[in-house]
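Structure first, commentary second.
None of these values were measured; they are calculated from a predicted model.
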Amino acid sequence: MKAAPVLRALRAAAPDTDPLLVHTGQHYDPEMSDVFLDQLGLPVPDVFLGVGSGTHAEQTARALVGVEGVLLEHEPALVVVPGDVNSTLAGALAAVKLGLPVAHLEAGLRSFDPTMPEEHNRRLTDHLSAVLFAHSQSAVDNLAAEGIVEGVHLVGNTMIDSLLEHVETARARRPWDALGVEPGGYGLVTLHRPALVDDPELLRATVDALVELSAALPIVFPVHPRTLERLDAAGLREQVARSNMRLAKPLGYLEFLGLEAEARYVLTDSGGVQEETSALGVPCFTLRAGTERPVTIELGTNTLLGLDPNRISEIPALLERRRPAQEIPLWDGRAGERAADAIAQFVEASRVGIAT
């Protein structure tokens, strides 16, 4: 969702470049990888590394070795890494060790929570990068506070480019029909972060609160593979099955976006969902101690509940007091074009090809 608009715009803005698309395979479930590539209109990756699951060290190490091999073979002018996953850091490390410049797409996000693996990935990647694409002024400010002011471009949110391009197609698919709910007549839940799902007591309290909440309005719950494992380990799946919750397998991008666009509210611990709901004007409640996306609270529809399942019961009252979303600067569907222009200028200056 972050890379597709940039790759498409780059090919239009700089046809003389030769983009190489590398898929590390960190997201290994077909419903969370292959389907997304197809629905977003991305070409078949030039390289698929098949990194798969494992500990943070194992995953990062496999991605590091795999990306290094690609870079040695192709010698790109610039390596563009999106987001904050282990593959992001691995790609950046592989590049700088070989003396290749890095561009970080979605730079400057900070949760200020050192227990989050993503926080280390994004901080380190930013400090390794020569080109940094920020999606909001707060991200630019975070970078400046760490002494990073050169090479920073405030381009907006490329993930919102994808959303605006595909949201009507997503609605037309009517994904709610298969789940027995109606537009505006359900809540949508996504939970996957270790801080929540790996803690049996927190997970049980969350399920108890969701079961109670679903009594008034059905809840659709597409279950991340990690979360499903934890539900089974805690013996909670049967409790969920007896409730007014609809468990679903991981969904493709369009199916999830369609559900998101027509939900009465969304409860999540995902950073991207906080952004998407703000762009859609759908109330969002974030079950985390903090957020690296404060603009979704300041201007969007997001409410931070903290890592406190007891606050889930407040959602009906909070919905009554909700305020409308405001327009977030540069979240206008053209962030990919702005990023691509900056990449093209960098590549032109180096007079070499590009890897993304």
Does a donor on one side chain and an acceptor on the other come within less than 3.5 Å for [X] and [Y]?
X	Y	answer
N86	E118	no
N121	T88	no
S53	Q59	no
S214	N244	no
S278	T296	no
H127	E146	yes

Would you say [X] and [Y] are hydrophobically clustered, going by side-chain heavy atoms of ILVMFWY under 4.5 Å?
X	Y	value
L259	L163	yes
L98	V81	yes
M116	L307	no
W176	V189	no
Y253	V223	no

Please answer whether the main-chain N or O of [Y] pairs with a side-chain N or O of [X] as donor and acceptor at a distance below 3.5 Å.
X	Y	value
H120	T115	no
E58	T55	yes
H224	R226	yes
R293	G271	yes
D161	G336	yes
R323	G300	yes
D46	L20	no

Verify side chain to side chain donor-acceptor pair (under 3.5 Å) between Q274 and T291, making sure each step is shown before the conclusion.
CA-CA 9 Å; Q274 296 171 50; T291 178; 2.6 Å; yes
If the plane angle is over 60° it's perpendicular, under 30° parallel, otherwise tilted; pick one for Y265 and F285.
perpendicular
Looking at [Y] and [X], is any side-chain nitrogen of the basic one under 4.0 Å from a carboxylate oxygen of the acidic one?
X	Y	answer
R288	D269	no
D308	R311	no
D84	R110	no
K249	E255	no

Tell me every residue that passes salt bridge (Lys or Arg N to Asp or Glu O under 4.0 Å) with [X], counting only those two or more places apart in sequence or in another chain.
X	answer
R338	D332
E168	R171
R322	none
D16	none

Heavy-atom closest contact (E119 atom, F112 atom, distance):
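Minimum heavy-atom contact is OE2-N, 3.0 Å.
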Test log, rule side chain to side chain donor-acceptor pair (under 3.5 Å), inputs E292 and N142
CA-CA 10 Å; E292 64 279 5; N142 289 337; over 6 Å; no
Step by step, work out the side-chain contact (heavy atoms from CB on, under 4.5 Å) result for M1 and Q39.
CA-CA 10 Å; M1 295 86 74; Q39 293 184 352; over 6 Å; no
Any chance you could pull the hydrophobic cluster mates of I148, using side-chain heavy atoms under 4.5 angstrom and chaining through other members?
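Direct or chained contacts put I148 with L132, V140, L143, V152, L154, L330.
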Could you work out the complete set of other residues in the hydrophobic cluster of I297, with links drawn between I, L, V, M, F, W and Y side chains under 4.5 Å apart?
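Besides I297, the hydrophobic cluster comprises L304, listed by chain and residue number.
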Using the rule side-chain contact (heavy atoms from CB on, under 4.5 Å), only one of L188, V181, L210 pairs with I219; which is it?
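Testing each of L188, V181, L210 against I219, the sole residue satisfying side-chain contact (heavy atoms from CB on, under 4.5 Å) is L210.
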